There are 2 protein chains.
Amino acid sequence: MAGPISARRHHEDEANVEAVPILEEFIGYNLKRAYMIVQADFRRALGDEGLAPRVFSALALVVQFPNITQSGLARLLGIERSGLVALVDELERRGFLKRTQVRGDRRVQALVATSAGEKALDETLAAVRAHETALLSGLSASEKEVLLTLLQKIRVMEAS
Amino acid sequence: MAGPISARRHHEDEANVEAVPILEEFIGYNLKRAYMIVQADFRRALGDEGLAPRVFSALALVVQFPNITQSGLARLLGIERSGLVALVDELERRGFLKRTQVRGDRRVQALVATSAGEKALDETLAAVRAHETALLSGLSASEKEVLLTLLQKIRVMEAS
DNA sequence: TATTGTTATACTCTATAACTATA
DNA sequence: TATAGTTATAGAGTATAACAATA
């Protein structure tokens, strides 16, 4: 098998043209491929002015859990505290939340959504739901439910 | 609700302490959280000298599809051609594959795994299987199968 | 004109480590 | 000593745009 091969078959080895990649057996590989598709469609659907996925996630948690601290938010999102600073900066710059002092512990800055932030979340929630509905129209409601449950199970397992 | 809040409840708003985040309804969010867990465990399991996930993926495809081109490999992996250069460089530097000339089309460099590459893939496959088995021990065989099928369905939908 | 491999470049996301001010 | 927020920094991983060689 040494030396140059024929151009006629340089794209794939003919014996394997129909083979299913071994990779397909791995959850990790399939998770990544699916994640890339969904997040790319999220960005496309929300546009250049829209919130990035992680900014949307942070805003949703701040609205739902008023006065959450940055450390608490980082824990909920599963990222480091340092990664939150730019994210909260962006939400504050957009006028969607405020850092507020906490009486009794001056280290802490509680995060509080503004009414503009709540409105932006409502609109973004609708856009994100529309994006997922359209993108995942090939999955039935019960398939989506099963998928959610299994993905959440991975997270719960890891936490224990 | 203006002004500083009490330190006693600065971590969460008491009314929402037990609430399930709205985020949990989204496939995208849950995909990302699960993906981050699995890929972090992959890296931990394979160690600093081991292959990174995407390098493992590329090697697996080159071994299974001898003489695949870089463009073909990029297409299979769902990434841009430009992103493959450093990746193939690493595999070549490790001695796991060779770029070979193709007779009849001098633009193309077919990728061929070396025997060291095949051996490395065998060992890495075993390590990756062990990592997924251990990490996902909370999922039954049928749950894993369902999860794989649903994730692949997202990819197939997107391709059409 | 189109394609392959490549380079240059930039952007997003993440992590680690260290700092400060507080506790 | 420990914690909250912050900064600096670096490292993956990805994309876009352009180029030379070749088709």
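The chains referred to below are lettered A, B, ... by the order of the sequence lines, with proteins before strands, and numbering in each begins at 1. Owing to the predicted nature of the structure, the values given are computational and were not obtained by experimental measurement.
Across all strands, B:Q70 comes closer than 4.0 Å only to sugar-phosphate atoms, never to a base (heavy-atom distances). Nucleic acid contact class of A:Q109 (heavy atoms, under 4.0 Å, all strands): sugar-phosphate only. B:R106 comes within contact range of the sugar-phosphate backbone alone, with a heavy-atom separation under 4.0 Å but no base atom that close.
The closest donor-acceptor contact from the side chain of B:T69 to the backbone of B:A110 lies at 3.5 Å or more, if one exists at all. A donor-acceptor pair is defined here as one N or O able to donate and one able to accept, closer than 3.5 Å; such a pair exists between the side chain of A:T124 and the backbone of A:A120.
We find that CG of B:L87 is positioned 14 Å from P of C:dG5, with the value rounded to whole Å. Following rounding to the nearest Å, B:R43 (CZ) and D:dA12 (P) show an atom-to-atom distance of 8 Å. To the nearest angstrom, C1' of C:dT4 lies 16 Å from CG of B:N67. Note: CZ (A:R81) to P (C:dT14) measures 16 Å, nearest angstrom. Rounding to whole angstrom units, CG of residue B:L77 and P of D:dA12 are separated by 18 Å. For the pair A:R107 CZ and C:dA21 C1', the computed distance is 9 Å after rounding to whole Å. The nearest whole Å value for the distance from the CZ atom in B:R54 to the P atom in D:dA15 is 10 Å. Residue A:Q39 contributes atom CD, which lies 17 Å from atom P of C:dC11 at whole-angstrom precision.
Within 3.5 Å, no donor on the side chain of B:S82 pairs with an acceptor on the base of D:dT14, nor the reverse.
An OP1 or OP2 oxygen of D:dA12 is reached within less than 4.0 angstrom by no side-chain nitrogen or oxygen of A:K32. Contact annotation: A:S71 reaches the phosphate of D:dG5 (side-chain N/O to OP1 or OP2, under 4.0 Å).
Nearer the 5' end of DNA chain C, as judged by each residue's closest nucleotide, is the contact made by B:R99, out of A:V55 and B:R99.
Shown are A:R75, A:R99, A:Q109; of these, the side-chain hydrogen bond (donor to acceptor under 3.5 Å, both in side chains) with A:Q70 is made only by A:R99.
Using cut-offs of 30° and 60° for the angle between ring planes, the A:F56 and B:F26 rings count as perpendicular.
Closest to the A:V85 side chain, of the nucleotides C:dT6, D:dA15, D:dT7, is D:dT7.
No hydrogens or angles considered: nothing links the side chains of A:Q152 and B:R33 as a donor-acceptor pair under 3.5 Å.
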